[in-house]
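Inspection log for the structure reproduced underneath, given as structure tokens.
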Amino acid sequence: MQALHVIAGLDPAHGGPSYSVPRLCAELAALGAQVRLFHVEGAGEPADAASYELRGFPQDWAGMPVLGALRLSSGLSRTLAEAARTADVVHNHGIWLAPNMRSQQLARRAGKPFICSPRGMLSTEALAFSGARKRLVWALGQRAALEGAACLHATSELELGDIRSRGLTPPVAIIPNGIDIPPPAPRPARERPRTVLSLGRIHPKKGLDNLLHAWSRIEAALPDWRLRIVGPAEDGHDRELVALAQGLGLGRVTIEGPVYGPGKLALYQGAELFVAPTRSENFGLTIAEALAAGIPAICTKGAPWAELERERCGWWVEQGPDALAAALGAALDLPPDALAAMGERGRDLVTRRYGWRRVGEDMLQLYAWLAAGGEPPACVHVG
């Protein structure tokens, strides 16, 4: 199986795909596939791409208004046109940018199956940001590129609903993101203050303003706890949150820059509770990472994590400060051992359901069906 993957960029500041796409490529290669990953050069590349071919291409019109934002790359397009002729499938990740639409056009020209992973970019909340620009790109070619796919890839049933709500009719395969499971680590000595962690992009859709309002309702009653919000900021949203925290008179909240690699795992393992107040998430990679590190999570219903309550490893609550404050109060009132036990159940959940080997095997079955036909795999939803 020869799989050609395309993504507009691998900057870690852009969120989960900078991890999940290279990691998927590595797992497919470990299972025997020949994998190539093309991207437009920018900040960040995966540290370990030895098992597959990784190629970055310079961006045309870098720094130019409008054109620069589209991440056009004539070098990527030329090489992709040639590589598509020998690939069994072309798999694009993300939408709205030039490489995302160009990959579908070149796969069709080469007569090869095209699969697209929108990566959460079709949710109502995601579409609301830069809405006018997205409506224009949708009309100029993005809708046609998605409708022309042999299959679309969703990471959850929630994302399947987003895809169908946009009127898109191709088959959709539901295959979750995978997660690397770190080795068990002994709990560090409990420090004061104890830590609630929220980690991820600092962006309005992440609902961090609701989290601060919720924290303001419980902070005075919980003097042993602090809240750390950690991640790369977009469009100055970190400054907005700092101003909000000051306006609410919060004393044990920090808003910090991004942490990657071993430092990120240490952040998870040093916390006792994770909270994701998101307004919209197709999967929620940081929730899986927190559970893998052995800490329970609070997540809003903007993300598809009903398993938190079914598996007794966290809380899945309505959006908004009221529900978040209630869940935080309930969680932080639990004895430390009870929180730790919830974390262990969460670790067991992600080990069973979200290990990369299972994800890679499911994706290879999907590719084989797209390339050779026959009965679709169980993960595929037609109609």
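In this structure, E82 does not pair ionically with R78, as no charged nitrogen and carboxylate oxygen lie closer than 4.0 Å. Contact check on R353 versus E311 returns no salt bridge, with no Lys/Arg side-chain nitrogen under 4.0 Å from an Asp/Glu carboxylate oxygen. Salt-bridge annotation for R279 and E125: absent, with no side-chain N of the basic residue lying under 4.0 Å from a carboxylate O of the acidic one. Using a cutoff of 4.0 Å between basic side-chain nitrogens and carboxylate oxygens, E159 and R119 are not scored as salt-bridged.
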*Passes side-chain contact (heavy atoms from CB on, under 4.5 Å), E289 versus T286? Steps please.*
CA-CA 5 Å; E289 289 177 338; T286 58; 4.1 Å; yes
*Are Y52 and H5 close enough, and set up right, to give a ring pair (Phe, Tyr, Trp, His ring centres under 6.0 Å), and what steps lead you there?*
CA-CA 11 Å; Y52 62 93; H5 290 251; 8.5 Å; no
_Audit row: V137, M101, side-chain contact (heavy atoms from CB on, under 4.5 Å) steps and yes/no_ = CA-CA 10 Å; V137 174; M101 290 179 281; 3.7 Å; yes
*Residue pair L291, L308: steps toward the side-chain contact (heavy atoms from CB on, under 4.5 Å) verdict*: CA-CA 9 Å; L291 296 175; L308 291 174; 3.9 Å; yes
*Would N282 and S123 count as a side-chain contact (heavy atoms from CB on, under 4.5 Å) if you check the C-alpha gap in whole Å, the side-chain angles of each, and the deciding distance to 0.1 Å?*
CA-CA 8 Å; N282 66 304; S123 71; over 6 Å; no
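A distance of 12.5 Å separates NZ of K112 from CG of L106, quoted to the nearest 0.5 Å. Rounding to the nearest 0.5 Å gives a distance of 11.5 Å between CG of L324 and NE2 of H213.
For E361, the side-chain hydrogen bond (donor to acceptor under 3.5 Å, both in side chains) criterion is met by no residue, not counting sequence neighbours.
Contact check for L168 versus L122: side-chain heavy atoms found under the 4.5 Å cut-off. No side-chain heavy atom of L127 sits under 4.5 Å from any side-chain heavy atom of W138. Taking 4.5 Å as the limit, every side-chain heavy atom of L244 sits out of range of all side-chain heavy atoms of E240. With a 4.5 Å cut-off on side-chain heavy atoms, D11 and S18 do not count as touching. Between L211 and L328 the shortest side-chain heavy-atom distance falls below 4.5 Å. In this structure the side chain of E147 reaches within 4.5 angstrom of the side chain of P170, judged on heavy atoms. Taking the side chain as every heavy atom from C-beta outward, R102 and L76 never approach each other to under 4.5 Å.
Listed for the R71 side chain is a donor-acceptor partner under 3.5 Å among the backbone atoms of E41. Between the side chain of R252 and the backbone N or O of W225 there is at least one donor-acceptor pair closer than 3.5 Å. Without hydrogens or angle criteria, S198 side chain to V275 main chain gives a donor-acceptor distance under 3.5 Å. For the pair E309 (side chain) and W316 (backbone), a donor-acceptor distance under 3.5 Å is present. Looking at W369, its side chain does come within 3.5 Å of a backbone N or O of G374 through a donor-acceptor pair. The closest donor-acceptor contact from the side chain of R347 to the backbone of A292 lies under 3.5 Å. A donor-acceptor pair under 3.5 Å links the side-chain atoms of Q142 to the main chain of W96, judged by distance alone. At distances below 3.5 Å, not a single donor-acceptor pair connects side-chain atoms of T254 with backbone N or O atoms of R228. Judged by distance alone, the side chain of S51 and the main-chain N or O of A30 form no donor-acceptor pair under 3.5 Å.
Evaluated for a side chain to side chain contact (heavy atoms under 4.5 Å, CB included) with Q2, the options V35, D88, V89 yield exactly one hit, D88.
In the hydrophobic clustering of this structure, L24 does not group with I95; members are Ile, Leu, Val, Met, Phe, Trp, Tyr whose side-chain heavy atoms approach within less than 4.5 Å, directly or through other members. When the side chains of ILVMFWY residues are joined at heavy-atom separations under 4.5 Å, either directly or via intervening members, L37 and I175 end up in a single hydrophobic cluster. Taking hydrophobic clusters as Ile, Leu, Val, Met, Phe, Trp and Tyr residues chained together by side-chain heavy-atom distances below 4.5 Å, F114 does not share a cluster with L366. Under a hydrophobic clustering in which Ile, Leu, Val, Met, Phe, Trp and Tyr are joined whenever their side-chain heavy atoms come within less than 4.5 Å, directly or via other members, L158 and L349 fall into different clusters. A continuous path of ILVMFWY side-chain contacts below 4.5 Å connects W215 to V317, so both sit in one hydrophobic cluster.
Within a 6.0 Å sphere centred on CG of D180, heavy atoms belonging to other residues, nucleotides or ligands number more than 12. No more than 12 heavy atoms of other residues, nucleotides or ligands shown are found within 6.0 angstrom of CD on E157. Annotation: R357, atom CZ; neighbour count of heavy atoms from other residues, nucleotides and ligands within 6.0 Å is above 12.
There is no side-chain donor-acceptor pair under 3.5 Å between R108 and Q105. Donor-acceptor pairing under 3.5 Å is recorded for the side chains of T124 and R166. For N177 and Y19, the side-chain atoms include no donor-acceptor pair closer than 3.5 Å.
Listed here is the closest heavy atom pair of K205 and T278: O-OG1, 3.6 Å. Of all the heavy atoms in A303 and E281, the pair that sits closest is CB-CB, 3.6 Å. The minimum heavy-atom distance linking N92 with P99 is given by the pair OD1-O, 4.1 Å. Considering all non-hydrogen atoms of both residues, S117 and H153 come closest at OG-ND1, 2.7 Å. Residues E256 and I202 approach most closely at O-CD1, 3.9 Å, considering heavy atoms. Closest non-hydrogen pair, A8 versus L97, comes out as CB-CD1, 3.5 Å.
Note on ring orientation: taking the six-membered ring where Trp is involved, the planes of Y354 and F283 are perpendicular (angle over 60°, cut-offs 30° and 60°).
Sorted by first and then second residue, the side-chain hydrogen bond (donor to acceptor under 3.5 Å, both in side chains) pairs with a member in residues 59-68 read D60-S74; sequence neighbours excluded.
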